[in-house]
Amino acid sequence: MQKLEMLYEGKAKKVYRTDNPECFWVEFKDNATAFNGAKRGTIDHKGVLNNRISAYFFRLLAEKGVSSHFVSLKGDRDMVVKALKIIMLEVVVRNIAAGSLAKRIGFPEGTLLEKPVVEFYYKNDALNDPLVNDDHIKVLKLATTEQLAQMHQTALQVNRILLEHLAGKEIDLIDFKLEFGLHNGKLLLGDEISPDTCRFWDKKTGEKLDKDRFRRDMGNVEEAYREIYRRLTGKNFEE
Ligand code: TMP
Ligand code: ASP
């Protein structure tokens, strides 16, 4: 398969057309941003690590019956995916209060939630990705009732699979963000699943092993991503 012209450049990835109209080619960058691009930096080897970590999670989910856009890895920082028409929503699942939820409802970070909380955010940089409810999604025509129900259900299923898998790796899954898209009318999981898009805490110490180390200037950011890779695969990341 050939990587052709770039279709889109996002904050953390570039998307290319390929010679197969059914597939896109995604390149993961080392660039990191936070707070809607207000904070910018680079995390060495992040592109390679997130490419491999995302592939690991998409393969795990496929084994458990959750379909994603992932097709195959290509080299270090690239993957081939099914061409999706992205639904302009970010679907967040939370098990423990942290980040914006801790602020919004006033729970101290680390508070166990009685049940997983699913939230939808409108992917719109100009509006700063606002939280939206089912009615907002309906009037904005972002998704149909059926698609919304399917995203909600799949997000909870992904949560159950990841929670159980990560518990075996001594990692607490605090929260994560998913994106979905349509491929020939079928709803598939898209984007990435990585320390950029999840909160991972060490089960014993509570140490943060994700992008919060970058957002909050905590240091040892690359080391945290490498540690997640090591715990998942049992291998040290090597260049
Ligand atoms: P939040 O607490 O900042 O709303 O983040 C919830 C989860 O979503 C967290 O795991 C990080 C992830 N996330 C993204 O993947 N992209 C984003 O732009 C934001 C704000 C959060
Ligand atoms: N990816 C987001 C951004 O720059 C924010 C985040 O992950 O915190 O804008």
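Counting starts at 1 for both ligands and their atoms, in listed order. Note that the structure is a prediction, hence the values are computed from the model and not measured.
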Novice: Please report which non-hydrogen protein atom sits nearest to atom 1 (P) of ligand 1, along with the residue it belongs to and the distance in Å to one decimal place.
Specialist: Ser100 OG, 3.4 Å
Novice: Quick one: look up the protein heavy atom nearest atom 17 (C) of ligand 1 and list residue, atom name and how far away it is.
Specialist: Glu90 OE1, 4.0 Å
Novice: Inspect the contact between Arg199 and Asp172 and indicate whether a charged nitrogen and a carboxylate oxygen are less than 4.0 angstrom apart.
Specialist: no
Novice: Students should find this: residues with any non-hydrogen atom under 4.0 Å from ligand 2. What is the answer?
Specialist: Lys11, Thr33, Ala34, Phe35, Asn36, Gly37, Lys211, Arg215
Novice: Identify the closest protein heavy atom to atom 5 (O) of ligand 1: which residue and atom is it, and at what distance?
Specialist: Arg199 NH1, 3.5 Å
Novice: Taking 4.0 angstrom as the limit and counting only heavy atoms of Thr197, give me the atoms of ligand 1 inside it, by number and element.
Specialist: 10 (O), 12 (C), 15 (O)
Novice: Do Asn95 and Asn159 meet the criterion of a side-chain donor-acceptor pair at a distance under 3.5 Å?
Specialist: yes
Novice: Report the part of Lys211 (side chain from C-beta onward, or backbone N, CA, C, O) that has a heavy atom under 4.0 Å from ligand 1; answer both or neither where that applies.
Specialist: neither
Novice: Charged N to carboxylate O under 4.0 angstrom, Arg231 versus Glu170?
Specialist: no
Novice: Determine whether the aromatic ring centres of residues His45 and Phe237 are separated by less than 6.0 angstrom.
Specialist: yes
Novice: For Lys64, does the NZ atom have more than 12 heavy-atom neighbours from other residues, nucleotides or ligands under 6.0 Å away?
Specialist: no
Novice: Compute the minimum heavy-atom distance from Asp196 to ligand 1 and say whether it is under 4.0 Å.
Specialist: yes
Novice: Is Arg213 salt-bridged to Glu227, going by a charged N under 4.0 Å from an acidic O?
Specialist: no
Novice: Any salt bridge between Arg215 and Asp212, counting N to O under 4.0 Å?
Specialist: yes
Novice: If the cut-off is 4.0 Å to any non-hydrogen atom of Cys198, which atoms of ligand 1 fall inside it?
Specialist: 10 (O)
Novice: State whether Arg104 and Glu119 are salt-bridged, where the test is any N-O pair (Lys NZ or Arg NE/NH1/NH2 against Asp/Glu carboxylate O) under 4.0 Å.
Specialist: yes
Novice: Which of the atoms of ligand 1 are close to Phe176, meaning less than 4.0 Å from one of its heavy atoms?
Specialist: 10 (O)
Novice: Show me which atoms of ligand 1 lie under 4.0 Å from any heavy atom of Gly99.
Specialist: 2 (O)
Novice: Looking at Glu179 and Lys177, is any side-chain nitrogen of the basic one under 4.0 Å from a carboxylate oxygen of the acidic one?
Specialist: yes
Novice: Checking a contact table here: which protein heavy atom is nearest atom 21 (C) of ligand 1, and how many Å away?
Specialist: Arg215 NH2, 4.3 Å
Novice: Consider ligand 1: state whether an atom of it lies below 4.0 angstrom from any non-hydrogen atom of Glu119.
Specialist: no
Novice: I'd like to know if Asp191 and Lys123 make a salt bridge, using a cut-off of under 4.0 Å between side-chain N and carboxylate O.
Specialist: no
Novice: Under 4.0 Å between a Lys/Arg side-chain N and an Asp/Glu carboxylate O for Glu223 and Arg226?
Specialist: no
Novice: I'd like to know if Lys11 contacts ligand 1, where contact means a heavy-atom distance under 4.0 Å to any ligand atom.
Specialist: no
Novice: Can you tell whether the side chains of Arg160 and Glu164 come within less than 4.0 Å, N to carboxylate O?
Specialist: no
Novice: Of the protein's non-hydrogen atoms, which lies at the shortest distance from atom 9 (C) of ligand 1, and what is that distance?
Specialist: Asp175 OD1, 3.1 Å
Novice: Which residue and atom name correspond to the protein heavy atom nearest atom 14 (C) of ligand 1, and how close is it?
Specialist: Lys177 CE, 3.6 Å
Novice: Can a side-chain donor-acceptor contact be found between His165 and Tyr56 if the only test is distance below 3.5 angstrom?
Specialist: yes
Novice: Is the shortest distance from atom 19 (C) of ligand 1 to a protein heavy atom below 4.0 Å?
Specialist: no
